[in-house]
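Worksheet for the structure shown next.
Here is how names work: the chains are called A, B, and so on, in the same order as the sequence lines, proteins then strands, and each is numbered from 1. We use all heavy atoms of the structure for the numbers below, so side chains are in, but hydrogens, waters and symmetry mates are not. Just so it is clear, the model here is predicted, and its values are computed rather than measured.
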Number of protein chains: 2
Amino acid sequence: MARRNAKIIDPSGDLDARKASILEAVVAEHIDTAQPVGSTSVAHSRDVKVSPATVRSEMVTLEREGYLAQPHTSAGRVPTDKGYRYFVDHLKSGVMSSAQQHQVSEFFANVRGEVEDVLEQTSTLLSHLTNYTSMVVASGHSHATILSVQLVSMDARHQLLVSVFSDGSVIKHSVTSDFDATHEEVSEASRQLNALLLATTLETRVQVPSRTDHVATLIRESVSVLHAEKPTTDGEQVFIGGSSHVAEVFDGVETVRKVLGILEQELLVVTLVQDILDQGLSVAIGSEHGYEPLSSCAVIVAPVSIDGEPAGAVGLLGPTRMKYREALAAAGVVSQHLTRHFGGEDDLA
Amino acid sequence: MARRNAKIIDPSGDLDARKASILEAVVAEHIDTAQPVGSTSVAHSRDVKVSPATVRSEMVTLEREGYLAQPHTSAGRVPTDKGYRYFVDHLKSGVMSSAQQHQVSEFFANVRGEVEDVLEQTSTLLSHLTNYTSMVVASGHSHATILSVQLVSMDARHQLLVSVFSDGSVIKHSVTSDFDATHEEVSEASRQLNALLLATTLETRVQVPSRTDHVATLIRESVSVLHAEKPTTDGEQVFIGGSSHVAEVFDGVETVRKVLGILEQELLVVTLVQDILDQGLSVAIGSEHGYEPLSSCAVIVAPVSIDGEPAGAVGLLGPTRMKYREALAAAGVVSQHLTRHFGGEDDLA
DNA sequence: CTTTGGCACTCGATTCTACCGAGTGCCAAC
DNA sequence: GTTGGCACTCGGTAGAATCGAGTGCCAAAG
């Protein structure tokens, strides 16, 4: 079509149809062979109607424009991050095999248990579906309200503060006092804490009694440990599935080590996923996410919401040459199922 | 010493002093070079006062007896699992560097938070100390008694059952009813549940009301989900630290994959550690633990107890040629600190 | 002016060979 | 029983030769 313009280097990054199909062919082939791809195989691929020679000359352009790279003279071409980016941006969204679709429906029809269990199992599911490492992130309860708090006496000087939130999460904190508290004092404190904190969020500032008696001290102590929760973690949880796939999917011990090292740090994974989501991306390729150790990785994310509110995300981590179509489809389908699962009729907690 | 008997093949597996020191030298050298070790380097090592020729002839014996193996003719010797076993059985227990000792004390002096957090951080500590993957297992609350149960209403048909145990653990279960329960009904059920279950364990059979009103139904339902907890998992928790070390410490993608695959399955890790503990071992080498995919691994375990009761264990996973002395020392020291930490004055929960 | 087949050239990968040397097993001497 | 000496083995490495996939360029064809 816009052939006449082919000579003009298009700064907007859009390619004419022929370059596009060549780039696509290169990416597609490199994804499944992991080898540099040469002009002949591109020329023979569907959607490319020109001779190897023409392909070659187009490839030098694509290389100059940064979509392809040559490992060394007289080798085939390999896509750059930019090349992959173009590829995924122009990917007509694929669809999962019906066997897999079935597997997912089956899974969500049969899962039981608490949210945490469901999320954990979901991450396993996702990694099995794709053969990549999966991440399932549940955002924190920063704006969940407190449904109940209870102070339970462990022994005279140790109590356990158990708080239940409207999102179904439960957290415990241990409270230590430097005096012996009677059972009566503890349950009185528990009663008052309940009255005090009911329907508040962790961000609400509450008026604590300033008296110095045992009950008041327990209350102050309890409120303080509870509110201390906030700054450290936001209560996000992350479930990682199929980390063993890291070993099959990356080559080079060093890469494997680095990637595993990142996955070990849950906080990092949460922020990574969050960052990508915030950028409005669904795929971050190579250096796009800014984590140097993951520069040979691509990360796919798909948001999950509950009642219209963003509530987390599912993610996949693979090499930049991952099978985007399948992986995107899987992440999408699973995130939709999750959204439906938690939005819908079933147990919320 | 028992030199005169050297010719007699000792079926009990005890070696005369010279063979022992040769075997030890081979193992020690192979551990830090990862190479087959030859007669000359053994002969030059401390504790071995004989010539290479003598070493060689002893080595053929050691090989025949199954302590050493030869990768191929005219290569050095490599220890077999049996060789490593002898080595660790006769290891005079080492001691950690004082810098490390300090690091551990420091850690336990400063660590805060709930048990889970402490255990998780402990596993990180242990893996940092040793450069191996660490496992920290906390046994289940099968004989902990219930301190409190509370049924919290989420919405009309969903309640959350929150149970607090004497070991400081808290578990939640969601309860779904097929009728709309009022707040009053829920709190009445909660009250009765408390009375019913207080001081029982998950194994105690309790008499539930057989009435068909809402409160009784809630109670039956709650008791049932709570007691259903038992069979699936015993409530063990496992924290794995430093899985990225797997990639540095094993060679061969396939091994790395297999090991990571095992580590992914928490249940497997728990039983692995438990099995080894049950066998009364502190190290399981190669095939001793019976997990085929881990046949090139050694696993070190050290029990942790609270108030004299076994309460879990710490473990390390490395290659069969791991640095046993250091790793054993680290696991030992950390398990002791952990035992002291939870047995002692500090927070129990 | 674009496309194409032809062709010389490049350069990593593979294969082959020679060779080195660590290490062994054996034996005769101590 | 221990030791030095010696012939032999065999994996690992280095270098040379070769292969071949793939390129860049050019001249002819459309």
Side-chain angles (χ1 to χ4, degrees), chain A residues 1-9 15-19 21-23 25-27 29-30 32-45 47-65 67-79 251-252, chain B residues 1-9 15-23 25-27 29-30 32-45 47-65 67-79 251:
Chain A
M1 26 188 62
R3 261 214 227 149
R4 278 282 129 87
N5 307 345
K7 270 166 139 177
I8 301 161
I9 292 181
L15 301 172
D16 68 68
R18 197 171 67 185
K19 283 202 188 61
S21 60
I22 290 176
L23 176 54
V26 172
V27 175
E29 174 140 354
H30 184 258
D32 69 51
T33 63
Q35 302 277 328
V37 357
S39 54
T40 17
S41 61
V42 171
H44 292 148
S45 94
D47 290 343
V48 179
K49 315 282 188 212
V50 292
S51 74
T54 314
V55 171
R56 280 202 287 279
S57 80
E58 289 288 46
M59 290 207 294
V60 318
T61 322
L62 285 167
E63 182 169 2
R64 200 167 39 231
E65 291 175 16
Y67 294 97
L68 295 178
Q70 222 174 354
H72 55 83
T73 333
S74 96
R77 300 308 206 291
V78 157
D251 23 37
Chain B
M1 25 190 63
R3 264 215 226 145
R4 278 280 128 87
N5 306 346
K7 270 164 140 173
I8 302 160
I9 292 182
L15 301 172
D16 68 71
R18 199 171 66 183
K19 284 205 189 58
S21 60
I22 290 176
L23 176 55
V26 172
V27 176
E29 173 140 353
H30 184 257
D32 68 52
T33 63
Q35 302 277 329
V37 357
S39 54
T40 16
S41 61
V42 171
H44 292 148
S45 92
D47 290 345
V48 179
K49 316 280 189 214
V50 292
S51 75
T54 314
V55 172
R56 280 201 287 279
S57 80
E58 289 289 44
M59 289 207 294
V60 318
T61 321
L62 285 167
E63 184 171 359
R64 199 166 40 230
E65 290 176 16
Y67 295 96
L68 295 178
Q70 224 174 352
H72 54 86
T73 335
S74 95
R77 297 311 204 293
V78 156
D251 24 35

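Contact check for B:Tyr67 versus B:Leu15: side-chain heavy atoms found under the 4.5 Å cut-off. Put simply, the side chain of A:Val60 does not reach to within 4.5 Å of the side chain of A:Leu68, judged on heavy atoms. At a threshold of 4.5 Å between non-hydrogen side-chain atoms, the residues A:Val50 and A:Glu58 do not count as touching.
Residues passing the side-chain hydrogen bond (donor to acceptor under 3.5 Å, both in side chains) test with A:Glu63, sequence neighbours excluded: A:Arg77. Listed by chain and number, the residues in a side-chain contact (heavy atoms from CB on, under 4.5 Å) with B:Ser57 amount to none (sequence neighbours excluded). Legend: residues meeting side-chain hydrogen bond (donor to acceptor under 3.5 Å, both in side chains) with B:Thr54, ordered by chain and number and at least two apart, are B:Ser51. Applying the side-chain contact (heavy atoms from CB on, under 4.5 Å) rule to A:Pro36 yields the partners A:Pro71, A:Val78; only residues at least two apart in sequence or on another chain are considered.
Distance, B:Glu58 CD to C:dC26 C1': 16 Å, rounded to whole Å. Atom P of nucleotide C:dT4 and atom NE2 of A:His44 are separated by 12 Å, given to the nearest angstrom. The nearest whole Å value for the distance from the NE2 atom in A:His72 to the C1' atom in C:dC9 is 15 Å. In this structure, the NZ atom of A:Lys19 is 14 Å from the C1' atom of C:dT3, given to the nearest Å. Distance, B:Ile22 CD1 to C:dT24 C1': 15 Å, rounded to whole Å.
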Close N/O contacts between protein and nucleotides 26-30 of chain D (under 3.5 Å):
none

Strictly under 3.5 Å: I want the nitrogen or oxygen pairs between protein and nucleotides 17-23 of chain C, one per line.
none

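In terms of phosphate contacts, A:Arg18 brings no side-chain nitrogen or oxygen within less than 4.0 Å of OP1 or OP2 of C:dT2.
Although no hydrogens or angles enter the test, the distance criterion places a donor-acceptor pair under 3.5 Å between the side chain of B:Gln70 and the main chain of B:Ala75.
Take the nearest nucleotide of DNA chain D for B:Pro52 and for A:Thr73: the residue whose nucleotide is more 5' is B:Pro52.
Helical stems of DNA chain D (runs of at least 3 Watson-Crick or G-U pairs, donor-acceptor distances under 3.5 Å) are listed by first residue: C:1-30 with D:1-30.
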Steps toward side chain to side chain contact (heavy atoms under 4.5 Å, CB included) verdict (B:Ile22, B:Lys19): CA-CA 5 Å; B:Ile22 290 176; B:Lys19 284 205 189 58; 5.7 Å; no
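Smallest separation of non-hydrogen atoms from A:Val55 and A:Val42: CG1-CG1, 3.7 Å. For A:Ala25 against A:Ser45, the heavy-atom pair with the smallest separation is CB-OG, 3.5 Å.
Nucleic acid contact for B:Thr54: base, since at least one base atom lies under 4.0 Å from a heavy atom of the residue.
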